[in-house]
Amino acid sequence: MRILTGTILAAFAVVFLAAGDPATAMSGKETIDKRKAFMKEKILKPYLVAKKFAKNGEGTAADVASAARALSAAAPDITKDYPKGTGRGDFDDKVTRALPKIWEDWAGFQKAAGVLGTEAAKLASVADGGDKDAIAAQFGKTGKMGCGGCHKPFRGAKVK
Ligand code: HEC
C-alpha cells in the first residue's frame with residue numbers, strides 16, 4: 001500500500017512539473033487575445049500619435065519622437081505570443097488573422113518585426129530634427145515597410 005501511494009505521488013509530481021508555470025499554461029485563445037491587445041496598446045497607439053502629426057499636423061514633433069521610440073522598442077515583442085497551433089487553420093478565421101506562413105517562415109516573420117523597429121527608430125531621429133515634411137515621408141515608410149511589410153505576407157483578410 002505504501003509503495004502504491006509513493007508511486008501515485010511520484011506520477012502526480014511528474015504531471016505537475018510537466019504542466020509548468022501558469023504563464024505557459026495559457027490557452028491558445030488567451031494567447032491570441034493577449035497578442036491582439038499588445039498590438040493595439042503598444043503598436044497601434046504610438047503609430048496613431050505619429051499619424052495624427054504627419055497627416056493632420058496635430059501634436060508636436062517631440063510627441064512623434066517619443067512615440068516612435070516606444071514603437072521601435074515594442075516592435076521585437078510583436079512575435080512573442082505566437083506559439084504553434086494559434087493561427088488560421090487551428091482557430092476560426094474570425095478569431096485570428098495569423099496565417100500559417102508565420103510558422104513556415106518564422107525567420108521572415110521576425111525579420112519583418114526588425115524592419116518595423118529600424119524604420120520607427122529612423123522616424124524618431126527624423127522627428128528630433130523637427131522637419132514636418134521629412135517626418136511625414138518617414139512616417140509613410142514606417143507604415144508601408146514596417147506595418148505593411150509584415151501584414152501583407154503574414155496576416156490574412158478580415159472576415160465578418
Ligand atoms: C512582425 C509582423 C507585424 C508587424 C511588423 C506589424 N504587425 Fe500588426 N499584426 C500582425 C499580425 C500577424 C496580426 C494578426 C494577429 C491575430 O489576428 O492573431 C496583426 C494585427 C494587427 C492589428 C489588429 C489587432 C486586433 O485587435 O485584432 C492592428 C491594429 C495592427 N496589427 C496594427 C499594426 C501597426 C499599426 C503596425 C505598424 C506600426 C503593425 N501592426 C506591425 C503582425 C504584424
Side-chain angles (χ1 to χ4, degrees), residues 20 22-160:
T24 57
M26 231 189 328
S27 77
K29 176 68 169 66
E30 282 168 333
T31 306
I32 292 167
D33 287 345
K34 188 176 167 223
R35 74 192 178 206
K36 289 206 266 191
F38 176 87
M39 198 55 106
K40 276 190 191 149
E41 190 59 32
K42 301 289 182 186
I43 304 295
L44 182 64
K45 259 195 190 168
Y47 175 81
L48 290 179
V49 169
K51 184 178 176 182
K52 274 182 188 153
F53 181 80
K55 303 274 179 195
N56 307 325
E58 284 173 43
T60 65
D63 294 337
V64 177
S66 65
R69 283 201 170 88
L71 181 58
S72 180
D77 287 338
I78 291 177
T79 61
K80 218 174 46 183
D81 288 303
Y82 285 85
K84 272 187 187 145
T86 61
R88 279 198 168 166
D90 310 302
F91 282 86
D92 191 282
D93 284 7
K94 282 186 201 130
V95 174
T96 180
R97 292 170 67 182
L99 294 177
K101 189 168 192 270
I102 289 172
W103 295 277
E104 289 156 21
D105 180 15
W106 183 253
F109 187 57
Q110 280 186 306
K111 204 174 156 197
V115 172
L116 174 61
T118 305
E119 293 306 317
K122 278 189 208 161
L123 178 59
S125 19
V126 172
D128 285 338
D131 179 337
K132 194 174 178 300
D133 291 341
I135 293 170
Q138 183 55 34
F139 168 75
K141 268 193 173 177
T142 304
K144 204 169 185 183
M145 294 166 64
C147 317
C150 187
H151 287 169
K152 261 196 183 162
F154 297 112
R155 186 172 74 153
K158 193 172 186 160
V159 291
K160 283 204 181 136

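Below, each value reflects all heavy atoms present in this structure, side chains not excepted, and no hydrogens, waters or symmetry copies. Remember, it's a predicted structure, so these values are computed and weren't measured experimentally. Each residue takes its place number in the sequence, starting with 1. Atoms within a ligand are numbered from 1 in the order they appear, just like the ligands themselves.
- Here CG of D90 is found 6.5 Å from CH2 of W103. Values are rounded to the nearest 0.5 Å.
- Nearest protein heavy-atom neighbour of atom 33 (C) of ligand 1: H151 CE1, 3.4 Å.
- Counting heavy atoms only, C147 comes closest to atom 34 (C) of ligand 1 of the residues P76, A120, C147.
- A distance below 6.0 Å separates the ring centres of Y82 and F109.
- At a heavy-atom cutoff of 4.0 Å, ligand 1 is contacted by no atom of F38, backbone or side chain.
- Between K80 atom NZ and T31 atom OG1 the span is 11.5 Å, to the nearest 0.5 Å.
- Using a distance-only test at 3.5 Å, with no hydrogens or angles considered, no donor-acceptor pair links the side chain of S72 to the main chain of A68.
- Each of the atoms 26 (O) of ligand 1 lies under 4.0 Å from some heavy atom of K40.
- Here's the thing with R35: one of its N/O atoms is less than 3.5 angstrom from an N/O atom of ligand 1.
- Closest to atom 18 (O) of ligand 1 among all protein heavy atoms lies T96 OG1, 2.7 Å.
- For ligand 1, none of its N or O atoms has an N or O atom of Y82 under 3.5 Å away.
- A side-chain donor from one of T60 and D63 sits under 3.5 Å from a side-chain acceptor of the other.
- A distance-only check finds no donor-acceptor pair linking the side chain of R155 to the backbone of R97 [under 3.5 Å].
- At under 3.5 Å, not a single nitrogen or oxygen of T79, backbone or side chain, sits near a nitrogen or oxygen of ligand 1.
- Atom 14 (C) of ligand 1 has as its closest protein heavy atom R155 CD, 3.7 Å.
- Taking 2.8 Å as the criterion, C150 does not count as a coordinating residue of atom 8 (Fe) of ligand 1, since none of its N, O or S atoms falls below it.
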